[in-house]
Trainee: 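Dropping the structure in here first, questions after.
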Protein chains: 2
Amino acid sequence: MKRKLSKACYSFFSTLANPTRLAILEKLSESDMNVKQLTQTLKQEQSMISHNLKPLLHCRFINSKRQGKSMIYQINCDTVTMLFKTLDSHAQNHCPEDGNCPKTNLLTQ
Amino acid sequence: MKRKLSKACYSFFSTLANPTRLAILEKLSESDMNVKQLTQTLKQEQSMISHNLKPLLHCRFINSKRQGKSMIYQINCDTVTMLFKTLDSHAQNHCPEDGNCPKTNLLTQ
DNA sequence: TTTTCGTATGAAATATAATTCATATGTGGT
DNA sequence: ACCACATATGAATTATATTTCATACGAAAA
């Protein structure tokens with residue numbers, strides 16, 4: 001792995017390692033949304049949503065476009081889909097159905 | 001995305017969002033290593049290596065097998081490779097060569 | 001041009017994660 | 001059984017990230 005990529009990877013993974021941001025990605029993968037819509041479906045403060053949108057935007061996992069007073073956010077590309085697909089398959093191979101991880105129980109607690 | 005997967009994804013991404021653990025994965029992708037070897041190549045305390053191996057093991061990104069007094073760690077599967085490949089391609093599409101991110105400069109600072 | 005709505009941002013408070021240190025455990029050799 | 005080496009672990013310290021609150025900014029309407 002190249003130095004530059006490793007730096008970028010750390011940034012990418014840090015951005016994805018957050019429940020709110022994962023929830024935002026999940027919602028945006030269903031449809032484009034503005035900030036208010038996100039605050040409503042996720043039941044979170046507006047400032048929290050905005051703060052969490054920032055790193056997603058920065059990593060280019062999402063894009064934004066202004067529409068009048070509101071700002072529309074949309075999933076940028078196939079990267080997110082691909083990542084989730086890979087991890088889904090990993091989880092199916094290694095995470096037992098009952099949720100009890102054989103190694104430790106960090107994952108399910 | 002299913003509730004269970006989202007939980008697992010958070011665990012996966014949290015585990016990957018750490019420079020030491022990324023470095024461990026990088027080394028282990030080259031060859032299997034025991035803890036002492038990892039402490040030597042990464043120039044880190046033994047306890048730090050062990051602490052960081054734990055979540056990697058838990059997520060099944062790596063496996064371990066005892067060999068006498070030492071414990072050998074190895075990359076578990078194709079998941080890690082696939083993730084890095086996906087992010088490499090993402091970085092190539094969206095991260096400029098000069099390291100100056102067009103959105104913000106969080107990534108390169 | 002003042003007001004209102006939607007969004008962004010800075011800074012403080014809070015929560016979470018990483019690192020270190022001391023020590024325990026586990027294995028093999030003497 | 002004891003010792004030495006390799007690794008793991010718990011707990012305290014330290015560092016980093018998240019959340020909240022107050023407020024600023026931008027666009028459109030009155």
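Naming convention: chains lettered A, B, ... in sequence-line order (proteins, then strands); numbering from 1 in each chain.
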Trainee: Could you check Thr79(A), Val80(A), Thr81(A), Asp78(A) and say which one makes a side chain to side chain contact (heavy atoms under 4.5 Å, CB included) with Thr86(B)?
Mentor: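 When Thr79(A), Val80(A), Thr81(A), Asp78(A) are each tested with Thr86(B), the side chain to side chain contact (heavy atoms under 4.5 Å, CB included) holds only for Thr79(A).
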Trainee: 5' to 3' on DNA chain D, which nucleotides open and close the contacts with chain B (atom under 4.0 Å from a heavy atom)?
Mentor: dC5(D) to dA11(D)
Trainee: Is Ser50(A) touching bases, backbone alone, or none of the nucleic acid, heavy atoms closer than 4.0 Å?
Mentor: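 Base: the residue Ser50(A), judged by heavy atoms under 4.0 Å, touches a nucleobase.
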Trainee: Between atom CG of Asn34(B) and atom CZ of Arg66(B), what is the distance when rounded to the nearest 0.5 Å?
Mentor: 11.0 Å
Trainee: Which residues pass the side chain to side chain contact (heavy atoms under 4.5 Å, CB included) test with Lys69(A), not counting sequence neighbours?
Mentor: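 For Lys69(A) there are no side chain to side chain contact (heavy atoms under 4.5 Å, CB included) partners, ignoring immediate neighbours.
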Trainee: How would you list, by chain and number, every residue that makes a side chain to side chain contact (heavy atoms under 4.5 Å, CB included) with Ser50(B), sequence neighbours excluded?
Mentor: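 For Ser50(B) the side chain to side chain contact (heavy atoms under 4.5 Å, CB included) partners, ignoring immediate neighbours, are Val35(B), Gln46(B).
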Trainee: Could you tell me whether Phe12(A) and Phe13(B) have their ring centroids closer than 6.0 angstrom?
Mentor: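 Ring centres of Phe13(B) and Phe12(A) not closer than 6.0 Å.
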Trainee: Treat primed atoms plus P, OP1 and OP2 as sugar-phosphate and everything else as base, then score nucleotides 18-29 of chain C 5' to 3': B for base contact with protein heavy atoms under 4.0 Å, S for sugar-phosphate contact only, - for none.
Mentor: SSBB-----BS-
Trainee: Does OP1 or OP2 of dA8(C) have a side-chain N or O of Tyr73(A) closer than 4.0 Å?
Mentor: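 True: Tyr73(A) side-chain N/O within range (under 4.0 Å) of dA8(C) OP1/OP2.
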Trainee: Please identify each residue that fulfils side chain to side chain donor-acceptor pair (under 3.5 Å) with Ser47(B), with sequence neighbours left out.
Mentor: none
Trainee: For Arg21(B) and Asn52(B), what are the C-alpha separation, side-chain angles and deciding distance, and is it a side-chain hydrogen bond (donor to acceptor under 3.5 Å, both in side chains)?
Mentor: CA-CA 6 Å; Arg21(B) 292 195 285 272; Asn52(B) 279 297; 2.8 Å; yes
Trainee: State which residues pass side chain to side chain contact (heavy atoms under 4.5 Å, CB included) with Thr41(B); sequence neighbours excluded, sorted by chain then number.
Mentor: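 With sequence neighbours excluded, Thr41(B) shows a side chain to side chain contact (heavy atoms under 4.5 Å, CB included) to Lys27(B), Met33(B), given in chain and number order.
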